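None of the values given here were measured: they were computed from a predicted structure. Start at 1 and go down the list; that is how both ligands and their atoms are numbered.
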Amino acid sequence: MDKYDFDLFVIGGGSGGVRASRIAAGYGARVAVAEEYRLGGTCVIRGCVPKKLLMYASQFGKAFEDSKGFGWQVSEASHNWERLIRAKDTEIDRLQRVYEGLLRNAGVVVINGKATIAGAHEVCVNDVKFTARHVLIATGATPEIPQIPGAELMATSNDVLDMEHAPERIAIVGGGYIACEFAGIFKGLGTKVWLVHRGSTLLRGFDGEVREHITGEMAANDIEMRLASTVVAVERKRNAYLLYLGSGEILEVDLVMAATGRRPNTGGLGLERVGVDVDAYGAIPVDSYSRTSCDHVYAVGDVTNRLNLTPVAINEGHAFADTVFGNMSRRTDHAGVPFAVFSQPQVAAVGLTEEKARVMHGAIRVYSSVFRPMHAALSGRNERVMVKLIVDAATERIVGAHIVAPDAAEIIQGIAIALKAGATKADFDATLGVHPSVAEEFVTLRNGRNSTQPQS
Ligand code: NDP
């Protein structure tokens, strides 16, 4: 008789936790997973999946407008938010059942409730204590709201996905992934959108030219930009809200949405009982095998605040299970992970920004191109796409690729494979383009410029 109830107890049934559970169970481990809300986690229930469905819905508005230039005559189109949310919910329910089935078929015990660490090798859910040889924390992160007067009046991405009506006017606070994505969604669905960001360009951490470009494109798409703007307070005014800006301007809207970052879910987990460290941001520091400061406790996904992306959490969970239960030493390679912001247009990248590449490689060559996509020729839309490659001058290897364009996410995936394989600029040049496409620009870029680190 084993001295523990389970070989692995997973806290959190999101992308990382579910993958780790299934793989560990596949190796013969006795696994339990506790989830306090719905299996599937942020990505499936209130993140990537519902967001992408809403993004698809929002693109029709622009397509109807653009279709006129291609000879279509479209009578007045209208959108029914309630129907969209119902359809989205049906799909999310289906995916949740898929997740439940995956765990059931793998023999994983699913427990509904909030789990806390009760002591060494002990986890408590709904007042029942379980023992486990290993514990995996995969509790994700939760939206953070700026602490200003009236903060409680602001909605987050969690709330807007379940709203009963679409707002006619919305102010979105923040300039990151979620702010950019929801600005595009609401604009496309016919809402008047203000984007209030404290910085002067969107998407901090992205390539400088890319940031300038997407900021301009979103403004050209009739999103009212309030850049270098702070938010001071929110007030309710009958059925509307007033958002007070540092500039003195007051925006009257039907909804204020905070998209100002996400904080790791580590509060109330009992981590201190087993000596699991938490950093100043509330994230759990781990080594490259996702092991925390406590030997038998591991953590994967957003709760570790490494690279907060679903495929990364899945890979971390899988690598953990391979290492601890599969007798294989595996760790996630966090370098060269492609990523995309589903704004409109989309922003996607893999590898280094120009700024980082200069620091890491010294001399680099930069190839970039901004042009009017063919679609705009007939739609008449004032839009520009951007493609950029960064090449290490010493080795000729591509160290960064960036694109701002519709379907940028679909394009960057293939480019990421080339970078992983160590492709050089000559390899790109030797590849023929797919014509006519935006993506072909990646293999036709000429006349790079040298870019070196400014001497300090
Ligand atoms: P981000 O960290 O991407 O952006 C947060 C934004 O809020 C920044 O622009 C930041 O400004 C601003 N901000 C932070 N605090 C304040 C404040 N107190 N007052 C005003 N502005 C503030 O967070 P998101 O919430 O957009 O997304 C969280 C993470 O989730 C992302 O970083 C990403 O890892 C992941 N994600 C990934 C997606 C994808 O892969 N497509 C989609 C959605 C989320 P500043 O830049 O000045 O710090």
If we ignore angles and hydrogens, is there a donor and acceptor under 3.5 Å between the side chains of [X] and [Y]?
{"X": "E252", "Y": "Y241", "answer": "no"}
{"X": "T260", "Y": "E144", "answer": "no"}
{"X": "T424", "Y": "D427", "answer": "yes"}

Checklist entry - So is there a nitrogen or oxygen of G175 less than 3.5 Å from a nitrogen or oxygen in ligand 1? => result yes
Item checked: Polar contact flag for I178 and ligand 1 (N/O pairs, less than 3.5 Å) -> yes
Check your understanding: Taking non-hydrogen atoms only, is Q147 closer than 4.0 angstrom to ligand 1 via side chain, backbone, both or neither?
Key ->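 Within the 4.0 Å criterion, Q147 makes no contact with ligand 1.
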Within the 4.0 Å heavy-atom cut-off, what A141 brings close to ligand 1 is neither
Where is the nearest protein heavy atom to [atom]: which residue, which atom, and how far?
{"atom": "atom 42 (C) of ligand 1", "answer": "E181 OE1, 3.3 Å"}
{"atom": "atom 29 (C) of ligand 1", "answer": "R262 CD, 4.3 Å"}
{"atom": "atom 7 (O) of ligand 1", "answer": "T260 CA, 3.2 Å"}
{"atom": "atom 32 (O) of ligand 1", "answer": "Y177 CD1, 3.7 Å"}
{"atom": "atom 41 (N) of ligand 1", "answer": "A340 O, 2.8 Å"}
{"atom": "atom 45 (P) of ligand 1", "answer": "R204 NE, 3.3 Å"}
{"atom": "atom 19 (N) of ligand 1", "answer": "R198 NH1, 3.9 Å"}
{"atom": "atom 1 (P) of ligand 1", "answer": "G176 CA, 4.1 Å"}

Requested in this report: Run the contact test for F342 against ligand 1 with a 4.0 Å cut-off on heavy atoms, strictly below, and give the result.
Outcome: yes
For ligand 1, is there an atom lying under 4.0 Å from some heavy atom of K51? yes
Counting heavy atoms only, which of [options] is nearest [atom]?
{"atom": "atom 34 (O) of ligand 1", "options": "L309, I172, I148, N308", "result": "N308"}
{"atom": "atom 23 (O) of ligand 1", "options": "P146, G199, G261", "result": "G261"}
{"atom": "atom 6 (C) of ligand 1", "options": "C43, A259, A258", "result": "A259"}

Indicate, with yes or no, if the rings of F428 and Y367 have centres closer together than 6.0 Å.
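Here the rings of Y367 and F428 have centres that are no less than 6.0 Å from each other.
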Find out whether [X] and [Y] are in side-chain contact, i.e. whether some heavy atom of one side chain is under 4.5 Å from a heavy atom of the other.
{"X": "N382", "Y": "R372", "result": "no"}
{"X": "M386", "Y": "V210", "result": "yes"}
{"X": "V193", "Y": "I172", "result": "yes"}

**Prompt:** Do R263 and Y281 meet the cation-pi criteria used here (NZ or CZ under 6.0 Å from the six-membered ring centre, within 45° of the axis)?
**Reply:** yes
With a 4.0 Å cut-off on N to O distance, would you call R211 and E209 a salt bridge?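 Looking at E209 together with R211, the answer is no, because their closest N to O distance does not fall below 4.0 Å.
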Charged N to carboxylate O under 4.0 angstrom, R449 versus E354?
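Salt bridge: yes.
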Which of N305, T304, T310 passes side-chain hydrogen bond (donor to acceptor under 3.5 Å, both in side chains) with N308? Answer is N305
